[in-house]
Protein chains: 2
Amino acid sequence: MTKDENSRDHIQSLERGFAVLLAFDAERPNPTLAELASATGLSRPAVRRILLTLQRLGYVHGEGGRWSLTPRVLSIGQHYSASHALIEIAQPHLVRLAERTSESASLAALDGTDVVYIARVPVRRIMSINVSIGTRVPAHATSMGRVLLAWAPDSVVADVVGKDRLPAYTRHTITDPGELRRGLAQIRQSGYSIVAEELEDGLLSVAAPVRDRAGTVVAALASSTSSGRATVEQLRSQVAPLVVRTAEQISADYGHPAAVGKATSAVHTPRDGFF
Amino acid sequence: MTKDENSRDHIQSLERGFAVLLAFDAERPNPTLAELASATGLSRPAVRRILLTLQRLGYVHGEGGRWSLTPRVLSIGQHYSASHALIEIAQPHLVRLAERTSESASLAALDGTDVVYIARVPVRRIMSINVSIGTRVPAHATSMGRVLLAWAPDSVVADVVGKDRLPAYTRHTITDPGELRRGLAQIRQSGYSIVAEELEDGLLSVAAPVRDRAGTVVAALASSTSSGRATVEQLRSQVAPLVVRTAEQISADYGHPAAVGKATSAVHTPRDGFF
DNA sequence: GTCATCGAGTACGCATAGCGTACTCGCGAG
DNA sequence: CTCGCGAGTACGCTATGCGTACTCGATGAC
């Protein structure tokens, strides 16, 4: 329409299809055709064609004039997990980290200015939102995001830090670009990041980088807890080394020629009986 | 083309878009354009248009002639989770069940003849495949599948049991449709299902139904272990009641007017210090 | 009871979005 | 240097997907 938004080599129907699929959310779990049409801005017949197509593919289910997503949409994400060996490799390490800390362990990657959880072992509910695989949080206010930004190409960092002031989520959130940049330099030196109550009150986390064969940082490993259960100093002295070491082991398993001592694949140490 | 496969109200480009997206998998994590074309059976220019569209939407990333999925594809599944309150409601119960049994806890729904994991708290690696959210397993050989089939409409059961003989995965897999049907009747009576080594050698699991407000079974809750850690009899006497009770609590939280005693929302009982 | 409103579904004709063929270009192997 | 392969591009055709406009049925107001 305008200029090159709709230029050649862009398939309109595909974009529209995703728009409809993504129009299902917490506010609209069982929309009608008309609701979807107004939510997406498409004409009713267009939405109908899309829904019937999605239904034929099994992603959507229509009943009594209301539509809903089927569990099959979850298998789409499977293809991401299946095509990234890192995730499977990291899994046992996450379980072990969660066991040893009695806290949730997470692995995340950067997508634009957000951090996306790509693997996770939940232990206890800390955050107000339910964090699951695929959940997105702003990179600049989380330990995993800071780690990823610390080793990201400058163009990516610029996208995040580009603004004059970054959005704050609590009164502790670092909103000054300069201060954040200095923080990233600090992380590059120490090899890990600790963020306390910048995304949510009472939420603390430590993160360390995971590298691929070439040494590029491709993900961040984190352990999260709440202010009632640990202090920043405890995190620094006790958890951070463990997170760093686990991240190094994951990197090693992933092919990074690590300098980590006898790093070897998860030697699982059971520590309890059946109950 | 043929008859009504391609009939009206079906959007070709949308189906093709998904075909390309799903062509990424473990065997083809970083395909070239030509590989995707031959994998999907589409022409190269068609695949190219689709890839460029997906790239613009952020689902795919192209570099050096090779393409890969971005973590953004995981957010698609988020819309399923966000639009199904059950998942968030079940989460703390899964964590608690995993804690009390020291075994992985899972929630799954039925999709065709498969069971799809929709929430999960991993504790230990039991299965040879890495089970994550979105993973699909055949319904007839798993405890969660049996539970879901036991209360499914007959048409759904017929889809699974329709064949003369069901596929076997171990030498214990029930392959006789009649025997399976009798098993389902048994499950309806006992209220839970135990399946031992029918999907994989050494894999045991117990499952119980989760119901919605109307009493319809919408998901199955399971606890899985390995033959080295428990016997079927232990599962039956100790784990099954816990799984059933937890499933009832989830149902109650989900709005089912349960007959469960003082069922209330997750009263979390921490049982360990920071380490 | 009637009327008004709203949404689902359908028909249809038009425009164009999306198609595949066929070409060029660049790279790497031999 | 030639050959083969894959990426990218051009282009003309038409099937594809589009929106307008209609019918039908359910719901609710009065």
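Throughout, protein chains are lettered first and strands after them, A, B, ... in sequence-line order, and every chain is numbered starting at 1. Heavy-atom basis, side chains included; hydrogens, waters and symmetry copies ignored.
If you take NE2 of B:His10 and C1' of C:dT10, they are 19 Å apart, rounded to a whole angstrom. The separation between A:Gln55 atom CD and C:dG9 atom P is 10 Å, rounded to whole Å. Rounded to an integer number of Å, the gap from B:Leu52 CG to C:dG18 C1' is 14 Å. Spacing between atom CG of A:Leu51 and atom C1' of C:dG9 amounts to 13 Å, rounded to whole angstrom units. Atom CD in A:Glu63 sits about 15 Å away from atom P in C:dA8, given to the nearest Å. If you take CZ of B:Arg66 and P of D:dG6, they are 11 Å apart, rounded to a whole angstrom. Nucleotide D:dG17 holds its P atom 13 Å from the CG atom of A:Leu54, rounded to whole Å. In this structure, A:Trp67 places its CH2 atom 7 Å from P of C:dG9, rounding to the nearest Å.
Neither side chain, A:Ser81 nor A:Glu88, offers a donor N or O lying under 3.5 Å from an acceptor on the other. A side-chain donor from one of B:Ser132 and A:Gln78 sits under 3.5 Å from a side-chain acceptor of the other.
Residues from residues 28-42 of chain A placing a heavy atom under 4.0 Å of any atom in DNA chain C, listed by number, are A:Thr32, A:Leu33, A:Ala34.
The nearest heavy atom of DNA chain C to A:Arg48 and to B:Ala46 marks one nucleotide each, and the one closer to the 5' end goes with A:Arg48. Mapped onto DNA chain C by nearest heavy atom, A:Arg49 and B:Ser43 fall at different nucleotides, with A:Arg49 at the one closer to the 5' end.
The side-chain hydrogen bond (donor to acceptor under 3.5 Å, both in side chains) analysis of residues 110-119 of chain B, with sequence neighbours excluded, yields the pairs A:Arg72-B:Asp111, B:Asp111-B:Arg136, B:Asp114-B:Arg136. Pairs engaging residues 26-52 of chain B under the side-chain hydrogen bond (donor to acceptor under 3.5 Å, both in side chains) rule: A:Asp9-B:Arg48 [sequence neighbours left out]. Sorted by first then second residue, the ring pair (Phe, Tyr, Trp, His ring centres under 6.0 Å) pairs that include residues 57-79 of chain B, not counting sequence neighbours, are A:Phe18-B:Tyr59. Counting only residues at least two apart or in different chains, side-chain hydrogen bond (donor to acceptor under 3.5 Å, both in side chains) contacts with residues 145-157 of chain B comprise B:Arg146-B:Glu198.
Taking the ring-ring contact (aromatic ring centres under 6.0 Å, His included) definition, one finds that B:His84 meets it with B:Tyr80, sequence neighbours left out. Remark: A:Ala119 engages A:Ile87, A:Gln91, A:Leu94, A:Leu107 in a side-chain contact (heavy atoms from CB on, under 4.5 Å) (not counting sequence neighbours). Checked against salt bridge (charged side-chain N to carboxylate O under 4.0 Å, His left out), A:Arg188 has no partners two or more places apart in sequence or in another chain.
Defining each end axis of the helix from C:dG1-D:dC30 to C:dG30-D:dC1 as the rotation carrying four pairs' C1' atoms onto the next four, with five pairs an end, the two axes are found to diverge by 40° to 10 degrees.
The side chain of A:Arg16 contributes an N or O atom lying less than 4.0 Å from OP1 or OP2 of D:dC18. Between D:dG17 and B:Ser13, a contact under 4.0 Å exists linking OP1 or OP2 to a side-chain N or O.
The side chain of A:Gln12 lies closest to C:dA17, out of C:dC19, C:dA8, C:dA17.
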